[in-house]
**Q** 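This is the structure, below, for whatever I ask next.
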Amino acid sequence: ALSKVLAQRLGAPLPTLFIDEGFGTQDAVGRERILDVIGHIEQDFEKVIVITHLDELKDAFPVRIEVQKEEAGSTFWLS
């Protein structure tokens with residue numbers, strides 16, 4: 001919300017919302033509430049990018065970039 005207010009004041013677009021590990025401190029009810037809020041505000045952004053390590057949240061999003069860390073480096077794929 002703060003980013004959106006600042007962008008509006010400057011007249012700058014805010015096309016992408018990033019949520020980086022925003023669920024770790026929440027219990028199951030809190031995580032569901034956050035997902036509901038994301039669903040309600042997603043039309044305000046061109047893209048909503050959520051970064052999480054919680055497997056139970058991955059299925060909540062229709063398009064995912066999965067990353068796997070390996071000794072030789074990381075690999076990624078769309079799912």
Side-chain angles (χ1 to χ4, degrees):
L2 182 57
S3 295
K4 190 161 188 129
V5 168
L6 293 173
Q8 287 175 342
R9 283 185 182 174
L10 295 173
L14 187 64
T16 305
L17 172 64
F18 285 90
I19 302 171
D20 187 1
E21 298 294 348
F23 303 90
T25 60
Q26 302 297 309
D27 60 9
V29 173
R31 288 191 294 269
E32 284 298 319
R33 286 182 181 161
I34 293 173
L35 290 174
D36 287 343
V37 169
I38 291 170
H40 283 93
I41 65 169
E42 67 183 339
Q43 69 277 357
D44 295 339
F45 300 92
E46 292 177 23
K47 293 178 186 65
V48 176
I49 298 174
V50 176
I51 301 164
T52 185
H53 290 91
L54 300 175
D55 288 331
E56 65 269 18
L57 291 177
K58 293 177 183 179
D59 291 333
F61 302 99
V63 178
R64 296 184 304 274
I65 300 171
E66 304 265 354
V67 179
Q68 182 173 347
K69 184 177 179 180
E70 300 170 354
E71 282 187 36
S74 297
T75 57
F76 70 93
W77 62 95
L78 292 175
S79 58

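Residue numbers run from 1 in the order of the sequence given. Just so it is clear, the values below take in all heavy atoms, side chains as well, and ignore hydrogens, waters and symmetry mates.
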**Q** Hey, what do you get for CG (Leu57) to CD (Glu21), rounding to the nearest 0.5 Å?
**A**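 Rounded to the nearest 0.5 Å, the CG-CD separation comes to 9.5 Å.
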**Q** What about Leu35 and Val29, same hydrophobic cluster or not, with Ile/Leu/Val/Met/Phe/Trp/Tyr joined at side-chain heavy-atom distances under 4.5 Å?
**A**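 Leu35 and Val29: separate clusters.
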**Q** Provide the closest heavy-atom pair for Thr16 versus Phe45 in the form atom of the first, atom of the second, distance.
**A**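 Shortest heavy-atom separation between Thr16 and Phe45 comes out as C-CD2, 4.0 Å.
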**Q** Assess whether side-chain contact (heavy atoms from CB on, under 4.5 Å) is satisfied between Ile51 and Ile19, documenting all intermediate values.
**A** CA-CA 6 Å; Ile51 301 164; Ile19 302 171; over 6 Å; no
**Q** Report the C-alpha distance between Leu17 and Ile41 in whole Å, list the side-chain angles of each, state the deciding distance to 0.1 Å, and finish with yes or no for side-chain contact (heavy atoms from CB on, under 4.5 Å).
**A** CA-CA 10 Å; Leu17 172 64; Ile41 65 169; 3.7 Å; yes
**Q** For the residue pair Thr75 and Glu66, establish whether any side-chain heavy-atom pair is separated by less than 4.5 Å.
**A**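 No, their side chains stay 4.5 Å or more apart.
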**Q** Given side-chain contact (heavy atoms from CB on, under 4.5 Å), test Val50 with Phe23 step by step and report yes or no.
**A** CA-CA 10 Å; Val50 176; Phe23 303 90; 3.4 Å; yes
**Q** How about Arg33: does its CZ atom have over 12 heavy atoms from other parts shown lying under 6.0 Å from it?
**A**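 Counting other residues, nucleotides and ligands, CZ of Arg33 stays at 12 neighbours or fewer.
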**Q** Does one hydrophobic cluster hold both Leu54 and Ile65, with members joined at side-chain heavy-atom distances below 4.5 Å?
**A**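 No: no chain of side-chain contacts under 4.5 Å links Leu54 to Ile65.
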**Q** If you take all heavy atoms of Ser74 and Lys69, which pair is closest and at what distance?
**A**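 That closest heavy-atom pairing would be OG-CA, 3.8 Å.
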**Q** Leu78, Phe76: one ILVMFWY side-chain cluster at the under-4.5 Å cut-off?
**A**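 In one cluster: yes.
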**Q** Using a 3.5 Å distance criterion without hydrogens, assess whether the side chain of Arg31 forms a donor-acceptor pair with backbone atoms of Gln26.
**A**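 Yes; at least one donor-acceptor contact below 3.5 Å.
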**Q** Please name the pair of heavy atoms, one in Ile34 and one in Gly22, separated by the smallest distance, quoted to 0.1 Å.
**A**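 Heavy atoms only, the tightest pair is CD1-O, 3.6 Å.
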**Q** What are the two closest heavy atoms between Thr52 and Lys58, and how far apart are they?
**A**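 It is O-CE, 4.3 Å.
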